[in-house]
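Heads up, the thing below is written out as structure tokens.
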Number of protein chains: 2
Amino acid sequence: MDLKHLNYFITVYEQKSFSSAAKYCFIAQPSISAAVAQLEQELQQVLFTRHARGVTPTEQGEKLYPLAKQLIGQADAIKQTFLSQGIQQSFRLGVTKGLGVKRMSALLNDFTSAETTMELTLVPQHENSDARIIIKEELKDEEKYHLIWQEDYLLVLPINHPLSLKDEIQLTDLDGLAFIQRSPCNAWQMLNDTLTLSGIQLDIRAKIQTIDYALGLVRAGLGCALVPAHPEIIENTDLTFKAIDKLQLTREIVLAYQHTTPLLRTLKQQVKLISEF
Amino acid sequence: MDLKHLNYFITVYEQKSFSSAAKYCFIAQPSISAAVAQLEQELQQVLFTRHARGVTPTEQGEKLYPLAKQLIGQADAIKQTFLSQGIQQSFRLGVTKGLGVKRMSALLNDFTSAETTMELTLVPQHENSDARIIIKEELKDEEKYHLIWQEDYLLVLPINHPLSLKDEIQLTDLDGLAFIQRSPCNAWQMLNDTLTLSGIQLDIRAKIQTIDYALGLVRAGLGCALVPAHPEIIENTDLTFKAIDKLQLTREIVLAYQHTTPLLRTLKQQVKLISEF
DNA sequence: ATCAGATATAGCTTTTAACTATAGCTATTT
DNA sequence: AAATAGCTATAGTTAAAAGCTATATCTGAT
């Protein structure tokens, strides 16, 4: 009996699908098929009934699942018994501010549970680190990267603002608009250039740094602002978010690194899962 | 962590030697080296200290052994949970009488514990069977075979018999000797031919079948006999065993079979272990 | 009836785990 | 002290296993 196959079996059971399990295991779908078939052969039992919408475990599959889970757990425990004695591998991850706590902690949680013997340290993005989660524009020349999230910059307005009634916001609507400038902000430069070219001028009411501060000021009716629209921000139902027509302001959040290490490999896999679903 | 590697580790631990473990696992010695090295790499621990007379487990090796043993046991248990539900595979083994109970049951014990889901039936050698353990002369034409044990026929005498004082027994010493004939016996025919050619005649006092009966009669002083000298027989210290000079009477006990099946493969491996040590 | 989404199959490539041969080490024997 | 025997490690090769891509096939839903 092969632990690798049992692991595949477990994922299939939890996903109720071969193809989905394949993605989670970072292998091709036929490989999952083969592994399960081999287990079924070895145990002389059919473990899943296959149908057009995935698979459902048979009675035997149901019986195997807790046993397999336990066995894998025990194997992991053995491994950790020895690894935790040794040098805790440390990993320093640089993180840009303002990426949203929830999704970031979800990612880091996956990472730390996949690498239980690792000691993860979060550092500001410019400090020395093994990898960085940053906006694409912040990439250094020597760094390679993988896309994690992509999100548009949206105009955020108080819900009672006149513009919130419009379906589409045009560039010209921005002329003379009360605006809260948040810097540093990658989109700001681009927006400002575009506006200058069109002869449109904003009415800057405040210059601040954090997104949360900006949202607070908008909520207070001080003006509008431009913010990256990630899930955690859009949740604010007491604010209105609008795209600006003909102006695509996007930020790409990437995993940046220079050297590949085993730990980084794991992190890259977690990132891959995020960007694929 | 690979269960196969853990199994190798267990065997090395029990054998206290890589090369011996290799034989027990039916693989080459470098493969054991590689497997252990890989485990050591994965656990970041040295498991054995290597020296010129084999290996001794390190503290970490000692710690791993019971854990590994338990894990393997659990994996086996899972397999058997499912296999025992299915069809018990049956295996009929034909066995010639008089091969010695102890070594035979040791062999069968190894066999049944290697194939826990098998239902083993012992049958007389001429009945229909999947394989037979017989004297080489009993082989059928279609059968292939592997040697299991080889043993000489020795003359067995009461301890107080005059011949028991001699270092070497010559053919001529047998002339007129009180003798217990055991038949059927493969060596008897050959001995008889040789004696006839030399003009030597035995004094047949009894014709019986089993070895134990013959030993009893010899013990009782009725005469001498010719018996295959396997360990269990030589154990009788109240009897004297002597080779007959210039007369090599040998019997080869072989595993005979016609068709190879998975179960037979296991049995052949067990047999191989016996004949190699 | 078609389509979308899922698993199975075929053929090929890469990786892994074996093997053989041999080097290198060390305790024992000559 | 040198030779030997018995181990494990290393190098290089071969064969089996596990992976991939492309595609066929099936089935429930549109």
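By convention in this document, chain letters (A, B, ...) are assigned in the order of the sequence lines, proteins followed by strands, and residues within each chain are numbered from 1.
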Base, sugar-phosphate, or nothing: which does A:Y8 touch, judged by heavy atoms less than 4.0 Å apart?
sugar-phosphate
Out of C:dT7, C:dC19, D:dT8, which has the shortest distance to the side chain of B:I27?
C:dC19
Quick one: which of C:dA17, D:dG28, C:dT7 gets closest to the side chain of B:H5?
C:dA17
Do NZ/NE/NH1/NH2 and the carboxylate oxygens of A:R132 and A:E143 come within less than 4.0 Å?
yes
Please report the interatomic distance CG(B:D167) to CG(B:D245), rounded to the nearest 0.5 Å.
11.0 Å
Taking atom types as modelled, find out whether B:T49 and B:T58 have a side-chain donor-acceptor pair closer than 3.5 angstrom.
no
Mapping B:Q38 and B:P30 to their closest nucleotides on DNA chain C, which lands nearer the 5' end?
B:Q38
Rounding to an integer number of Å, can you tell me how far [X] [atom1] sits from [N] [atom2]?
X	N	atom1	atom2	result
A:Q41	C:dA8	CD	C1'	16 Å
B:F26	C:dC19	CZ	P	12 Å
B:H51	D:dC7	NE2	C1'	10 Å
A:L47	C:dA8	CG	P	12 Å
A:Q15	C:dA6	CD	P	11 Å
B:E40	D:dT8	CD	P	13 Å
B:I32	D:dA9	CD1	P	11 Å
B:L3	C:dA17	CG	P	13 Å

Do the side-chain N or O atoms of [X] get closer than 4.0 angstrom to the phosphate oxygens (OP1, OP2) of [N]?
X	N	answer
B:S33	D:dA9	yes
A:S19	C:dT7	yes
B:R50	C:dC25	no
B:K4	C:dA18	yes

Taking all atoms of both residues into account, what is the closest heavy-atom pair of A:Q269 and A:F26, and its distance?
O-CZ, 3.0 Å
Would you mind reading off the bend of the helix from C:dA1-D:dT30 to C:dT30-D:dA1 from its two end axes, five pairs each, to 10 degrees?
10°
Taking the nucleotide of DNA chain D with the closest heavy atom to each, which residue, A:R53 or A:D2, is nearer the 5' end?
A:D2
Need to verify one output field. Residue with the more 5' nearest nucleotide on DNA chain D, A:A35 or B:Q29?
B:Q29
Sub-4.5 Å side-chain heavy-atom contact between B:L264 and B:D130:
no
Using side-chain heavy atoms (C-beta onward) and a distance below 4.5 Å, is A:K63 in contact with A:P57?
no
Partner of A:Y65 by side-chain hydrogen bond (donor to acceptor under 3.5 Å, both in side chains), out of A:Q70, A:E14, A:Q60:
A:E14
Check the angle between the aromatic planes of B:F48 and B:Y13 and answer parallel, tilted or perpendicular using the 30° and 60° thresholds.
tilted
